[in-house]
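Inspection log for the structure reproduced underneath, given as structure tokens.
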Number of protein chains: 2
Amino acid sequence: MKQITKHNIRNSLRRIFLYHGLLVRLNSMGVTRVFSYTLAEGTGVTPEQVRKDFSEYGIRGNRRGGYITASLLSEIEALFNRDWISNVILVGMGNLGQALSKYGQFIKRGINIVATFDVDPYKQKVRAENCVYPPGRLQEIIDRFSVKVAIIAVPDISAQDVCNELVSMGIRGIVNFSPVLLKVPVYVVVNNVNLCDEIESVILSVYRMKEEQSLFL
Amino acid sequence: MKQITKHNIRNSLRRIFLYHGLLVRLNSMGVTRVFSYTLAEGTGVTPEQVRKDFSEYGIRGNRRGGYITASLLSEIEALFNRDWISNVILVGMGNLGQALSKYGQFIKRGINIVATFDVDPYKQKVRAENCVYPPGRLQEIIDRFSVKVAIIAVPDISAQDVCNELVSMGIRGIVNFSPVLLKVPVYVVVNNVNLCDEIESVILSVYRMKEEQSLFL
DNA sequence: TATGTTTTGTGATTTGTTTCACATTAACAA
DNA sequence: TTGTTAATGTGAAACAAATCACAAAACATA
Ligand SMILES: NC(=O)c1ccc[n+]([C@@H]2O[C@H](COP(=O)([O-])OP(=O)(O)OC[C@H]3O[C@@H](n4cnc5c(N)ncnc54)[C@H](O)[C@@H]3O)[C@@H](O)[C@H]2O)c1
Ligand SMILES: NC(=O)c1ccc[n+]([C@@H]2O[C@H](COP(=O)([O-])OP(=O)(O)OC[C@H]3O[C@@H](n4cnc5c(N)ncnc54)[C@H](O)[C@@H]3O)[C@@H](O)[C@H]2O)c1
């Protein structure tokens with residue numbers, strides 16, 4: 001079982017996503033050159049870290065002129081080698097699934113949700129423009145669009161079953177929004193996004209800060 | 001500026017959230033005792049790591065009997081010291097905001113969304129049961145419920161403005177779903193949850209695995 | 001009460017990541 | 001040309017996290 005969690009995916013790559021997101025925005029604002037400190041400032045890391053990260057993946061700038069935004073962007077995208085694999089499906093069109101499926105900015109980042117699925121026949125006709133398929137058509141769509149990555153937004157009870165089915169149909173990467181640890185074969189990658197944990201961690205940090213401050217009083 | 005990101009919050013705490021989530025489920029299933037390997041198995045870390053994490057926060061089990069589920073849970077919750085700070089507000093009732101506000105499981109984790117806000121007058125009456133307030137009433141609600149933590153789910157353009165306003169009204173922790181790095185004073189904690197990055201990281205990992213495999217062919 | 005077994009708890013070690021310090025380079029100005 | 005400056009690039013050092021290895025405790029059983 002290979003789980004990508006905060007620790008399992010190279011930290012440097014995680015940061016390179018951050019740089020990429022920022023670069024997309026800078027580029028669309030007409031910024032043609034960026035420096036390690038530009039990226040550092042905008043992503044909250046140090047300039048040395050930015051350079052070291054690029055260094056690790058053989059991305060190089062100009063010793064005085066920094067980096068050319070457009071070519072840096074395409075170098076990062078080449079690193080990701082995104083095009084052949086960016087078709088994604090979404091299973092579970094409840095609250096969260098619907099929110100994700102309506103989000104228009106994914107395509108700007110090269111993420112193309114080609115189809116969505118739900119067991120509930122009522123959900124299957126929620127939006128005609130963005131057709132929701134029954135799970136029976138999973139294999140057909142996965143094959144037709146060469147889908148390798150799926151987003152799971154079903155209740156925790158169903159998550160493992162859905163996961164097994166997807167893997168047996170050729171899915172090799174899963175973004176899992178349900179709060180369970182999915183069991184998958186070694187050749188499948190899972191990223192668990194636990195929104196409760198994200199919120200709890202802030203609540204806790206606020207508490208910790210309060211505590212630390214009170215040490216000085 | 002204090003940003004909590006993947007690197008800035010203690011890793012051990014991040015894992016303790018995982019254990020907590022699992023414990024909540026085990027406890028509701030009637031499991032009364034857990035061992036370091038139970039938690040390890042269910043969260044994808046090693047048993048030694050689990051013990052070391054608890055050790056770091058002074059949580060101790062019985063040298064043969066493992067940990068009592070219920071008391072472990074309350075020890076973790078005591079560590080979080082959650083009660084005085086768990087009221088949360090949500091700003092931005094678009095796709096994502098609505099999904100979050102409808103999620104029924106937050107309260108089980110001690111996260112209580114006391115009110116939601118949106119500038120759009122149409123959104124303000126979407127659901128009568130879960131009233132959506134205009135931003136003009138932020139201060140009143142923040143004070144009334146002693147809210148210290150807010151979730152931002154507004155478009156990236158508005159995110160910094162909303163953030164500034166919230167901080168000036170006493171908010172000390174922010175979960176930010178917009179893809180911008182918020183600038184906040186040192187005493188405010190920010191957790192950026194970037195869903196695009198989460199999906200992209202899986203796409204990339206799948207690609208990497210393919211690449212590694214092909215080395216053996 | 002002695003003995004074996006299971007599981008925790010933790011110092012020591014290894015492994016991984018970030019920061020530091022500075023050599024290197026490109027651009028520009030005089 | 002020849003400094004001077006503003007950047008990058010990277011080995012070394014410092015730091016942080018994870019794993020290992022085993023002592024200590026608790027319990028069961030005879
Ligand atoms: N909504 C949130 O804000 C939020 C927050 C944290 C975690 N989550 C987690 O995300 C997941 C989805 O949350 P939600 O609020 O959208 O839940 P939901 O109950 O609103 O939606 C789940 C959807 O999955 C569908 N479904 C169930 N079994 C299925 C199957 N086998 N195949 C296909 N579809 C199936 C259901 O018909 C339903 O439409 C849950 O695991 C939840 O715990 C959600
Ligand atoms: N929906 C997704 O799946 C998704 C995925 C990745 C990132 N995001 C990010 O999350 C954020 C929200 O996404 P969304 O899809 O819900 O957007 P959305 O446009 O559907 O909703 C944004 C809401 O915020 C409200 N708003 C705008 N300015 C406001 C202000 N100053 N005060 C209060 N409310 C205000 C708008 O009226 C709208 O209802 C965006 O920043 C988006 O980039 C969303």
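What's counted below: heavy atoms across the whole structure, side chains too, no hydrogens, waters or symmetry copies. A note on names: the letters A, B, ... follow the listed sequences, proteins ahead of strands, and every chain is numbered from 1. Values in this document were obtained by computation on a predicted structure and should not be read as measured data.
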Taking [atom1] from [X] and [atom2] from [N], how many angstroms apart are they, rounded to a whole number?
| X | N | atom1 | atom2 | answer |
| --- | --- | --- | --- | --- |
| A/N11 | D/dA17 | CG | C1' | 11 Å |
| A/R33 | C/dA27 | CZ | P | 8 Å |
| B/F54 | C/dT8 | CZ | C1' | 12 Å |
| B/I16 | D/dA17 | CD1 | P | 13 Å |
| A/D53 | D/dG9 | CG | C1' | 13 Å |
| B/Y19 | C/dT8 | OH | P | 12 Å |
| A/E48 | C/dA23 | CD | C1' | 15 Å |
| A/R14 | C/dT18 | CZ | C1' | 17 Å |

Exercise. Give a yes/no on whether any side-chain N or O of B/R60 is located under 4.0 angstrom from OP1 or OP2 of C/dT10.
Key: yes
Practice problem: Tell me whether the OP1 or OP2 atom of C/dT17 has a side-chain N or O from A/Q49 closer than 4.0 Å. | Solution: no
Exercise. Identify whether the distance between the nearest side-chain nitrogen and carboxylate oxygen of A/R51 and A/E56 falls below 4.0 Å.
Key: no
Which residues satisfy the side-chain hydrogen bond (donor to acceptor under 3.5 Å, both in side chains) test with [X], sequence neighbours excluded?
| X | value |
| --- | --- |
| A/Q105 | A/K108 |
| B/Q160 | B/N164 |
| B/D156 | none |
| B/Y19 | B/D53 |

Quiz prompt | Pairs meeting criterion ring-ring contact (aromatic ring centres under 6.0 Å, His included) with involvement of residues 147-172 of chain A, two or more places apart | solution = none
Dump the pairs, protein N or O against N or O of nucleotides 12-15 of chain C, anything under 3.5 Å, distances to one decimal.
residue, atom, partner, partner atom, Å
C/dA12, N6, B/K52, NZ, 3.3

Quiz item: A/T46 side chain: which of D/dA18, D/dT10, C/dT19 is closest?
Solution: C/dT19
Quiz prompt | Any residue meeting salt bridge (charged side-chain N to carboxylate O under 4.0 Å, His left out) with A/R63, in chain and number order, not counting sequence neighbours | solution = none
Quiz item: Residues in salt bridge (charged side-chain N to carboxylate O under 4.0 Å, His left out) with B/D197, at least two apart?
Solution: A/R109
Polar-atom pairs under 3.5 Å, protein N or O versus N or O of nucleotides 5-7 of chain C: list them with distances, or write none.
residue, atom, partner, partner atom, Å
C/dT5, O2, B/R64, NH1, 3.1
C/dT7, OP1, B/Y37, OH, 3.4
C/dT7, O2, B/R63, O, 2.4

Exercise. Looking only at non-hydrogen atoms, find the nearest pair between B/V180 and B/N192 and report the distance.
Key: O-OD1, 3.6 Å
